[in-house]
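What follows is a single structure, written as structure tokens, with notes after it.
Every chain is numbered from 1 and lettered A, B, ... according to where its sequence line falls, protein lines coming before strand lines.
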Amino acid sequence: MQDPVVFRVERILRSPWLIFGAGAVLAGALALALWLLFPLYKGLLADPFWFPILVMAIMLNLILSSTAICILAERKIAGFTQDRFGPNRVGFWGLLQPLADGLKFLLKEDIIPTQVDKPLFLLAPAMALIISLSGFAVIPWAGEVRWPWAPDTLVSTQVASLDIGVLYVLAVASLGVYGVVLAGYASNNKYAFYGGVRAAAQMISYELPLGLGLLCLLLTSGSLRLEEVVRQQAQSGMWYVFLHPLPFLLILVSSFAEANRVPFDLAEAEQELVGGFHTEYSSMKFALFFLAEYAHMITGSAVLVALFCGGWAPLPFSSWLADSTAWWALLIKLGAYLAKVAVCIGLFMLVRWTIPRFRFDQLMRIAWLSLVPVGIALVAGTATLTVLGLQRTWWACLGLNLVALLGMLWTAARSGRTVTGRQDDLPDIHVEPA
Amino acid sequence: MTGEAIAFYLLAAVVTAFALGCVLASNIVRMALCLLGTLGGVALLYFLMAANFLGAIQLIVYAGGTLIVIVFGVMLTSRAYGTKLRVRPLEMIGAAVVTLALLAGLTAILVRTAGPVVSPSTPDFGVAQIGTELLSTYLVPFEVISVLLLAVMIGAAYLVQPEKK
């Protein structure tokens, strides 16, 4: 029997009126505040120094809060994939679930086991989150904008316009492993330790295909600046994913691996390692790892969209809005960018609930026996095209990709070894007695 | 003091502290972490000097590549993991000789090339220029290094080959 009071509270919470009403009131209050305070921040908006800082503050908050929504979306998509409802008890259609989750994380007991390496144990989750958030600095969210009240100044929505944008992304990605490895080591737990070691090996291996895919793109774009890569795509309307589908796939697969997502989440494989590197973590420290994973996913998607899917360009095969710096264009561009990132994240989630986890030897073989050779062939091919001046001609690029794909299939069909391999083919492991 | 100077001294202090920690720590994973701090701090110093490319490469190659391989190796070698490291007097003398020689060399270079301190300006030396220079003026050293790396790779591949039955 259910408690009548609980039943009534639950019914109120689940009514659509409550959540949409609260949402409307909050949105209205925000709009009113923005309207009333407009003279105060008007100058800041048109200032080339302060505007990127404002963008940073807004985007950081947007990303941190959208991780909460991502968790709800993940569970809803899991429900959809497995033909069930997903969370639907807290709030209408489960919309208040992120609040409940956050509250739960805050109220749980924060346990620090006695035998851990305490400074490293505390440092690891913070490091994971900081590193996965710092990639946002170079994302060109919506190009440049000229405000109507300050027509002389052109402000950029990119926080840091680095001449080494793509290299910065690689550098941050290569540091991403430390959070997991340190957590695995500091926990003083065999399962966590295995998780850390696995994560290290996996991330080193998958940085190679990531770098090779990026090289193909850089040979085509001829610039390391992310905003320049996006501008080229917006102006020609030819997004690089149409020119280079295989490098796009290489980077997509590698970013799954870098974000430690299924099918590459061997660092936390529950069936084998209890919880992997975060076995010993509880409460907000665990939540930080959770946040880091989702932030990593959002960064990965944002970089992927900027490099291959035209960034803020709203429409493929057209140069609409490519040179516009009006304020309404800014809103459309930002909307287009965020929509693309959302689609990309949706893909990440669908894959998570569709494809089972790889075994570790399969994971290594996929990286070293298939992705890296294909990547090297693609880089060589793209370099040849660049020498011939054909690197932005669609038929040459697609032809190269087709040849690489056919070569891959031919090699796979000819070779006796399967890339993924079978359990029976594994060599026997002899462990020397200690 | 300008902002740059303050940033430089702060970073220099952090790098020195991490380097000391790396030498003095007795736990090998903490040593690796201190090394990470040192390498990251040096990368930040490069960024401060507007050498963005060098800073990013420092992070990718040393912090993200070499060091993670070291950590990986340490974690896989069960003996080094968890034991406390102690330095014997003989090793200490050897290390002192090597470091003093290095310090003397660095000081000599510093004294010989010391000029007016120029504040770092916006980089007029971009990535494209570095690439062009590497493949024209410095082509021979570049190729020598790549041959060396190739030799190392072949050696590694040879070493890990399974024994033939």
### Task
Identify the two heavy atoms, one from A:Ala171 and one from B:Ile60, that lie closest to each other, and give their separation to 0.1 Å.
CA-CG1, 3.5 Å
### Task
Specify the closest pair of heavy atoms between A:Leu175 and B:Ala63, including all atoms of both residues, with the distance to one decimal.
CD2-CB, 3.6 Å
### Max heavy-atom pair count under 4.5 Å with chain B, selected residue of A:Val197, A:Leu182, A:Ile204
A:Val197
#### Entry: Part of residues 117-129 of chain A lying next to chain B, heavy-atom separation under 4.5 Å
A:Asp117, A:Pro119, A:Leu120, A:Leu123, A:Met127
### Task
Kindly indicate whether the side chain of A:Tyr168, heavy atoms from C-beta on, has any atom under 4.5 Å from the side chain of B:Asn52.
no
### Query
Should we say atom OH of B:Tyr62 is surrounded by more than 12 heavy atoms from elsewhere, each under 6.0 Å from it?
no
### Top contributor to chain A interface from B:Leu67, B:Val69, B:Ile57 [non-hydrogen pairs under 4.5 Å]
B:Leu67
### Message
Counting neighbours of CZ on A:Phe289 that are heavy atoms of other residues, nucleotides or ligands and sit closer than 6.0 Å, is the number greater than 12?
### Response
yes
### Summary
d(A:Leu170 CG, B:Leu59 CG) to nearest 0.5 Å is 11.0 Å
### Task
Using non-hydrogen atoms and a 4.5 Å limit, figure out which bit of B:Ile68 sits close to chain A: side chain, backbone, both or neither.
both
### Task
Pick one of side chain, backbone, both or neither for B:Leu36, based on which atoms fall under 4.5 Å of a heavy atom in chain A.
side chain
### Query
Considering residues at least two apart in sequence or located in another chain, which fulfil the salt bridge (Lys or Arg N to Asp or Glu O under 4.0 Å) criterion with A:Glu228?
A:Arg231
### Query
What part of A:Leu224 gets closer than 4.5 Å to chain B, counting heavy atoms only: side chain, backbone, both or neither?
side chain
### Message
Need one label for A:Ala173: side chain, backbone, both or neither, based on atoms under 4.5 Å from any heavy atom in chain B.
### Response
neither
### Query
Which pairs with one or both residues in residues 13-45 of chain B pass ring pair (Phe, Tyr, Trp, His ring centres under 6.0 Å), sequence neighbours excluded?
none
### Message
Does anything in residues 90-101 of chain B reach chain A? List residues with heavy atoms under 4.5 Å apart, or say none.
### Response
none
### Task
Can you establish whether the number of heavy atoms outside A:Tyr194 located under 6.0 Å from its atom OH is more than 12?
no
